[in-house]
Novice: 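First the structure, then my questions, so here it is.
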There are 2 protein chains.
Amino acid sequence: MNLPPLVQTFVLHFGEMGGRWGVNRTVGQIYALLFVSPQPLVADDIVEALGVSRSNVSMGLKELQAWNLVRLQHKPNDRRDYYSAPEDIWQIVRTLVEERKKREIDPTLSMLREALMERPESEYERHAQERMRVMHELMDAMSDWYDDVRRIETERLVQLMKLGSRITRVLEAADRLNFMSPRKKKPASATDDDHASSDRQEQRPGDDPDEP
Amino acid sequence: MNLPPLVQTFVLHFGEMGGRWGVNRTVGQIYALLFVSPQPLVADDIVEALGVSRSNVSMGLKELQAWNLVRLQHKPNDRRDYYSAPEDIWQIVRTLVEERKKREIDPTLSMLREALMERPESEYERHAQERMRVMHELMDAMSDWYDDVRRIETERLVQLMKLGSRITRVLEAADRLNFMSPRKKKPASATDDDHASSDRQEQRPGDDPDEP
DNA sequence: CCGTAGTTTCAGACTTTTCTGAAATATCGG
DNA sequence: CCGATATTTCAGAAAAGTCTGAAACTACGG
């Protein structure tokens with residue numbers, strides 16, 4: 001790896017972090033490099049800077065494209081692909097959150113929706129399903145919330161953050177000003193029988209996993 | 001694995017997701033199982049339910065304890081450890097976000113703080129450091145914000161979510177009601193020379209990675 | 001169409017992580 | 001202190017994930 005120490009530390013750190021964020025080390029490093037680079041880079045620049053194989057860089061760039069995290073450009077009389085990270089760091093955060101939602105929240109929501117349509121066969125299953133219902137409610141709310149918030153422009157978002165916990169004071173004001181009218185729900189993707197969770201309090205015993 | 005189909009799907013799904021959330025498959029499965037279980041479980045219940053080794057369960061439970069995600073209890077005349085997931089799913093979300101912050105944001109912040117204290121040796125490094133400064137500002141704001149928001153109780157948090165993007169309308173009200181007085185900053189952990197980033201516009205060339 | 005400059009794919013080598021069984025450790029009642 | 005029960009540790013086996021070099025592919029100018 002052939003980089004100024006300042007940049008090298010940064011790049012190595014994001015390599016490590018990459019692991020936790022669901023991408024591999026090289027992808028993290030490539031992104032870190034693009035992030036601090038004053039101009040767009042071609043794949044071979046990255047190969048030289050990071051000292052990894054050409055093919056590894058190619059795969060890494062492909063993955064970053066799948067995450068919508070890089071911008072691809074071309075220069076006149078040069079058919080190489082030039083890659084760069086968006087200037088606006090808030091845009092990057094939005095993209096990250098959005099992609100993560102797509103990969104983590106959305107599949108979980110559909111799994112839960114399906115599970116909630118099953119008919120429980122035991123008290124154990126009934127309880128499990130009830131827990132799933134609560135989790136579904138939470139994740140659904142978070143999902144909607146994010147769809148909303150994503151549309152707020154950067155400036156407002158910064159303002160919102162600066163507000164911090166004093167947001168509660170604003171909420172009190174909101175109560176008084178009656179902003180809390182019921183919000184419209186996005187059209188449900190599956191049949192809408194969530195609430196069919198039954199009053200049937202079947203007391204069948206023997207759902208204790210300890211029991212032989 | 002020996003579970004009702006409804007629960008099995010759920011458990012397997014969280015096993016997969018576990019990977020993305022920085023824990024391994026077994027840890028995800030154990031947590032899913034505890035989450036839907038009507039009563040606390042001992043390690044051997046989990047071994048039987050998931051069909052994994054006793055030692056694997058022991059390590060998984062240890063990790064969940066490190067994440068503060070499980071509650072450990074005892075029963076009279078029984079010295080086995082009984083594990084359960086907290087009832088309140090918001091509490092679980094808070095814990096998850098908090099632990100993630102601790103593992104991802106905080107180390108990155110200290111890396112950035114150190115990098116920002118270095119003196120850039122080239123125009124390339126100067127630019128890189130400027131980008132790092134922007135990133136540091138963002139992450140620092142997010143970190144403070146989370147420290148604030150974590151203290152908001154569940155009910156308010158739900159209210160905040162239900163508000164969704166209409167939060168901007170509330171913010172407009174906030175503007176008028178003058179809630180935006182400057183907030184106090186937590187004491188800085190390092191010396192406070194962030195802004196010393198120099199007007200010295202040294203134009204040294206040769207920091208173009210394309211150059212041979 | 002051919003040669004060149006560039007990018008992508010992929011099988012297998014290599015690295016890292018996870019999981020297991022066996023042994024070590026801890027704790028309690030007697 | 002012993003024996004019974006419960007938990008933890010750990011070295012190595014197994015599995016999963018990453019990275020590479022070689023080959024395949026693509027697009028373009030001549």
Side-chain angles (χ1 to χ4, degrees), chain A residues 1 11-12 14-34 40-67 70-84 103 210, chain B residues 1 11-12 14-34 40-67 70-84 103 209-210 212:
Chain A
M1 187 176 297
V11 163
L12 290 175
F14 276 86
E16 299 305 321
M17 280 304 161
R20 302 195 189 279
W21 279 77
V23 298
N24 68 37
R25 180 146 24 91
T26 310
V27 172
Q29 292 182 351
I30 294 174
Y31 200 66
L33 188 66
L34 291 175
L41 301 180
V42 301
D44 281 324
D45 297 337
I46 300 172
V47 168
E48 199 194 338
L50 302 182
V52 298
S53 74
R54 183 54 231 267
S55 52
N56 198 358
V57 169
S58 176
M59 282 168 146
L61 287 170
K62 218 175 130 215
E63 177 146 11
L64 286 172
Q65 283 177 287
W67 278 80
V70 289
R71 160 189 309 272
L72 174 56
Q73 313 163 59
H74 287 98
K75 294 193 180 181
N77 298 331
D78 187 344
R79 43 201 179 77
R80 294 177 298 174
D81 295 342
Y82 283 80
Y83 293 92
S84 58
R103 280 150 221 252
D210 286 27
Chain B
M1 188 177 293
V11 163
L12 289 176
F14 276 87
E16 298 306 320
M17 281 304 159
R20 300 194 190 281
W21 279 77
V23 299
N24 67 37
R25 180 147 20 93
T26 310
V27 172
Q29 291 182 351
I30 293 175
Y31 200 67
L33 188 66
L34 290 175
L41 301 180
V42 300
D44 283 324
D45 296 338
I46 300 172
V47 168
E48 198 193 340
L50 302 182
V52 297
S53 74
R54 182 53 230 268
S55 51
N56 198 357
V57 169
S58 175
M59 282 168 147
L61 287 170
K62 218 177 130 214
E63 178 147 9
L64 286 172
Q65 282 178 288
W67 278 79
V70 289
R71 160 191 308 273
L72 174 56
Q73 312 163 59
H74 288 97
K75 294 194 178 181
N77 298 331
D78 186 343
R79 47 202 177 77
R80 293 177 300 174
D81 294 341
Y82 283 80
Y83 293 92
S84 58
R103 279 151 222 251
D210 286 29

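Throughout, protein chains are lettered first and strands after them, A, B, ... in sequence-line order, and every chain is numbered starting at 1.
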Novice: Below 4.5 Å, heavy atoms only, C-beta onward: do B:V70 and B:I30 meet side chain to side chain?
Specialist: no
Novice: Could you tell me which residues satisfy ring pair (Phe, Tyr, Trp, His ring centres under 6.0 Å) with A:F14, sequence neighbours excluded, listed by chain and number?
Specialist: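 In terms of ring pair (Phe, Tyr, Trp, His ring centres under 6.0 Å), with neighbours along the sequence ignored, A:F14 is linked to A:F10.
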Novice: Indicate, with a heavy-atom threshold strictly under 4.0 Å, whether B:D44 touches base, sugar-phosphate, or nothing.
Specialist: nothing
Novice: Provide, to the nearest angstrom, the distance between the CD atom belonging to A:E63 and the P atom belonging to D:dG17.
Specialist: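 After rounding, the reported distance stands at 13 Å.
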Novice: Looking at A:N24, does any N or O in its side chain come under 4.0 Å of the phosphate oxygens OP1/OP2 on D:dG17?
Specialist: no
Novice: Taking OP1 and OP2 of D:dC19, is either one under 4.0 Å from a side-chain nitrogen or oxygen of A:T26?
Specialist: yes
Novice: If the cut-off is 4.0 Å, is B:R79 near the phosphate of D:dT5, judged by side-chain N/O to OP1 or OP2?
Specialist: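 No, no such contact exists.
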Novice: Relative to the 5' end of DNA chain C, which residue comes earlier, A:K62 or A:R25, by the nucleotide with the nearest heavy atom?
Specialist: A:K62
Novice: Between which nucleotides of DNA chain C, read 5' to 3', does contact with chain B run, using atoms under 4.0 Å from its heavy atoms?
Specialist: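 Extent of the interface on DNA chain C: C:dT18 to C:dC28.
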Novice: Quick check: do A:L33 and A:L41 have side-chain heavy atoms less than 4.5 Å from each other?
Specialist: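 Yes, close enough: below the 4.5 Å cut-off.
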Novice: Taking atom C1' of D:dC25 as reference, at what distance in whole Å does atom CZ of A:R54 sit?
Specialist: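 It works out to 13 Å between those atoms.
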Novice: Can you find a heavy atom in the side chain of B:W67 that is under 4.5 Å from one in the side chain of B:R103?
Specialist: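 Side chain of B:W67 against side chain of B:R103, heavy atoms only: contact under 4.5 Å found.
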Novice: So do the side chains of A:D44 and A:R80 get within less than 4.5 Å of each other, counting heavy atoms only?
Specialist: no
Novice: Count the heavy atoms belonging to other residues, nucleotides or ligands that lie under 6.0 Å from CZ of A:R71, then report whether that count exceeds 12.
Specialist: no
Novice: If I take atom CG in residue A:L50 and atom P in nucleotide D:dC19, what distance separates them, rounded to the nearest angstrom?
Specialist: 11 Å
Novice: Rounding to a whole Å, what distance do you find between B:M59:CE and D:dG12:C1'?
Specialist: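 Result: 12 Å.
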Novice: Rounded to the Å, how far apart are B:N77 CG and D:dA6 P?
Specialist: 13 Å
Novice: Tell me: OH of B:Y82 to P of D:dT7, nearest whole Å?
Specialist: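 After rounding, the gap between these two atoms is 10 Å.
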Novice: Please state how far atom CH2 in A:W21 lies from atom C1' in D:dG17, giving the value in whole angstrom units.
Specialist: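 Checked: the CH2 to C1' distance equals 21 Å.
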Novice: Please give, in whole Å, the distance from D:dA14 P to B:N56 CG?
Specialist: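 One finds 16 Å between P of D:dA14 and CG of B:N56, rounded.
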Novice: A side-chain contact here means heavy atoms from C-beta on lying under 4.5 Å apart; do A:Y83 and A:V42 qualify?
Specialist: no
